[in-house]
Amino acid sequence: MSTDLSVILPRVLIVSRRSVRKNKFVDFVGEYHLDLIVGYGAVPVIVPRVSGVHMLLDSFEPIHGVLLCEGEDIDPSWYEEDTSGLSQEELEEIRRLHVSDTAIDKEKDSIELSLAKLCLERNIPYLGICRGSQILNVACGGTLYQDIGKELSIKCPEDKRVMHINYDDYDGHRHDVEVVEDTPLHHWFKDSLEDGKMDIWVNSYHHQGVKRLAQRFVPMAFAPDGLIEGFYDPDAYNPDEGKFIMGLQFHPERMRKPDSEEFDYPGCPFAYKEFVKAVVAYQKKLNSLTTVQKPVKLNKEMENKRKIIVRSFSLAKNLYNAGRGTNSPRDSELEIGAEFLESNTALSVQQENRLKQMGATVRNARSYKERVKLNEEREKMARGVMRKMSVEQLSELLSFYHTMGQICSEVLDIKIHGLVTPQ
């Protein structure tokens, strides 16, 4: 039995937040997050917020899940938001009101955006809480309000305005949100919803939030002022299959009754529960791909084809190395090797001259070289088109082809194993 802990327990990366204590920087992560991750069967691996860590993320492999939470405002340059709509006086007032959040941490931004993009590229389960949800939206091409009070609340009727943060009562503060039907959030909290209503009271503390939601996401909850309080990717949500991409602006982990560890609603911990379920499933999938499999036993037809290909290459190698073979090969014996070379091998001038002696691959070699040239032209045109695309469009394109690659791999695997005989 393996004693490798990375095989035994799934690993969830969490980036720490930097703070000052006794005139020195310290890194920390809220314990509520850690307790829930451990409680549902995963191991939190804390990624320290130190310079250069975003270049060392390979060192934290294997990564089975990423949970990002709490932290300062994200640098607006990451999502190209124009702050010119806010006056200098307004920006200074925002810094005074939210002094603990407006001290931008570019190093933390780099680490977390790198992790978010890694999750999106490899379909690693991702849960973003508060800032973590904003990171996810920005990574996919979305934008943020610089300040909800100055950009959103001021435009709302008095009865629709929401206090999203209360510095005097972080844990006790609650505000209303409306849950969107038939979303994961709805399923988690449906037993707590009153008849005919879709409202729950949530805890939050933030002064920024989603302005333009990235195209791939679907909202799960709205505050009365219209701010999106939760969203997910429906195409990347199936915890049983290791799929989970979600952002929550509010804090379900802190929604607990006064002087108690009991949650406000039974559905509060479900985001963490389903996230860890996806992490465990993703780990199993990853381990199955990296486990060394027994050699495949070919059936008679496949074995005959294998022998013909091996002989074809053996003859070709002799001709290439010596300019002749020990016996004069028949053209039919060279055909399969030539066909393989046509689809897989670029030919040098010297190789082409050698292959002419075989009398089997001249036409194939020339045809292949023509296709190489055509592919280079197509690639050049594609690069030109992509340079004109937005970050969001490129993210969508990358996600599409990543999904197509996975589907192709799965179908190919089924077809290949359909040809082998059971052992």
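Residues L136 and L68 fail the side-chain proximity criterion, which asks for heavy atoms closer than 4.5 Å. In this structure the side chain of P44 never reaches within 4.5 angstrom of the side chain of H33, judged on heavy atoms. Here the side chains of Q249 and Q134 are in contact, with some heavy-atom distance below 4.5 Å. Looking at heavy atoms from C-beta onward, V202 lies in side-chain contact with M255 at the 4.5 angstrom threshold. Side chains of Y40 and V280 form no contact here, defined as non-hydrogen atoms less than 4.5 Å apart. Using a 4.5 Å heavy-atom cutoff, the side chains of K190 and V179 are not in contact. With contacts defined as side-chain heavy-atom distances shorter than 4.5 Å, the pair F263/R256 qualifies.
Annotation for L286 and P62: closest pair CD2-CB, 4.4 Å, computed over non-hydrogen atoms. Among all heavy-atom pairs drawn from P219 and T183, the shortest one is O-CG2, 3.9 Å. The two residues M163 and H173 come nearest to each other via the heavy atoms O-NE2, 2.6 Å. The shortest heavy-atom contact between V162 and A223 is CG2-CB, 4.3 Å. When all heavy atoms of I111 and V50 are compared, the pair lying nearest together is CD1-O, 4.1 Å. Here the shortest heavy-atom pairing between Y272 and L36 reads CD1-CD1, 3.6 Å.
Side-chain atoms of H206 do not come within 3.5 Å of backbone N or O of I148 as any donor-acceptor pair. Here the side chain of R216 pairs no donor or acceptor atom with the backbone of D235 at under 3.5 angstrom. In terms of modelled atom types and a separation under 3.5 Å, the side chain of R131 and the main chain of E72 share a donor-acceptor contact. Although no hydrogens or angles enter the test, the distance criterion places a donor-acceptor pair under 3.5 Å between the side chain of R161 and the main chain of C156. Remark: side-chain polar atoms of H164 are not paired, donor with acceptor, to backbone N or O of H207 under 3.5 angstrom. In terms of modelled atom types and a separation under 3.5 Å, the side chain of E151 and the main chain of D147 share a donor-acceptor contact. Proximity of a side-chain donor or acceptor of D225 to a complementary backbone N or O of K160 within less than 3.5 Å is not detected. Remark: the backbone N or O of R49 is paired with a side-chain donor or acceptor of S16 at under 3.5 angstrom. A distance-only check finds a donor-acceptor pair linking the side chain of R212 to the backbone of G141 [under 3.5 Å]. Under a 3.5 Å cut-off, the side chain of N203 and the backbone N or O of R254 do not form any donor-acceptor pair.
Partners of S260 under the side-chain contact (heavy atoms from CB on, under 4.5 Å) rule, at least two apart in sequence or in another chain, are K257, E262. Applying the ring-ring contact (aromatic ring centres under 6.0 Å, His included) criterion to H251, with sequence neighbours excluded, gives Y205. In terms of the side-chain contact (heavy atoms from CB on, under 4.5 Å) criterion, residue partners of L56 (sequence neighbours excluded) are, by chain and number, S59. M404 meets the side-chain contact (heavy atoms from CB on, under 4.5 Å) test with F400, I407; sequence neighbours excluded. In this view, D199 and D176, E178, K197 satisfy the side-chain contact (heavy atoms from CB on, under 4.5 Å) rule, not counting sequence neighbours. Partners of F275 by ring-ring contact (aromatic ring centres under 6.0 Å, His included), not counting sequence neighbours, listed by chain and number: F244. Taking the side chain to side chain donor-acceptor pair (under 3.5 Å) definition, one finds that N238 meets it with nothing, sequence neighbours left out. Taking the ring-ring contact (aromatic ring centres under 6.0 Å, His included) definition, one finds that F217 meets it with F231, sequence neighbours left out. Residues meeting the ring-ring contact (aromatic ring centres under 6.0 Å, His included) test with F189, sequence neighbours left out: Y265. Evaluation of the side chain to side chain donor-acceptor pair (under 3.5 Å) rule for E31 yields no partner, not counting sequence neighbours. With sequence neighbours excluded, the residues that form a side chain to side chain donor-acceptor pair (under 3.5 Å) with K150 are E93.
A perpendicular orientation is assigned to the rings of Y167 and Y170, their planes being inclined by more than 60° (bins at 30° and 60°).
Within a 6.0 Å sphere centred on CG of D159, heavy atoms belonging to other residues, nucleotides or ligands number more than 12. More than 12 heavy-atom neighbours from other residues, nucleotides or ligands sit within 6.0 angstrom of CD on E107.
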Full working for salt bridge (Lys or Arg N to Asp or Glu O under 4.0 Å) between E377 and K380: CA-CA 5 Å; E377 292 174 353; K380 184 177 180 181; over 6 Å; no
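Atoms CZ and CG, from F222 and L227 in turn, are 9.5 Å apart once rounded to the nearest 0.5 Å.
A cation-pi arrangement, defined by a distance under 6.0 Å to the six-membered ring centre and an angle within 45 degrees of its axis, is absent between K285 and Y282.
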Would you give me the side-chain donor-acceptor pairs under 3.5 Å for residues 116-128, sequence neighbours excluded?
unit_1: R122; atom_1: NH1; unit_2: E61; atom_2: OE2; d: 2.9
unit_1: R122; atom_1: NH2; unit_2: E61; atom_2: OE1; d: 3.2
unit_1: R122; atom_1: NH2; unit_2: E61; atom_2: OE2; d: 3.3
unit_1: N123; atom_1: ND2; unit_2: Q406; atom_2: OE1; d: 3.0
unit_1: Y126; atom_1: OH; unit_2: G132; atom_2: O; d: 2.7

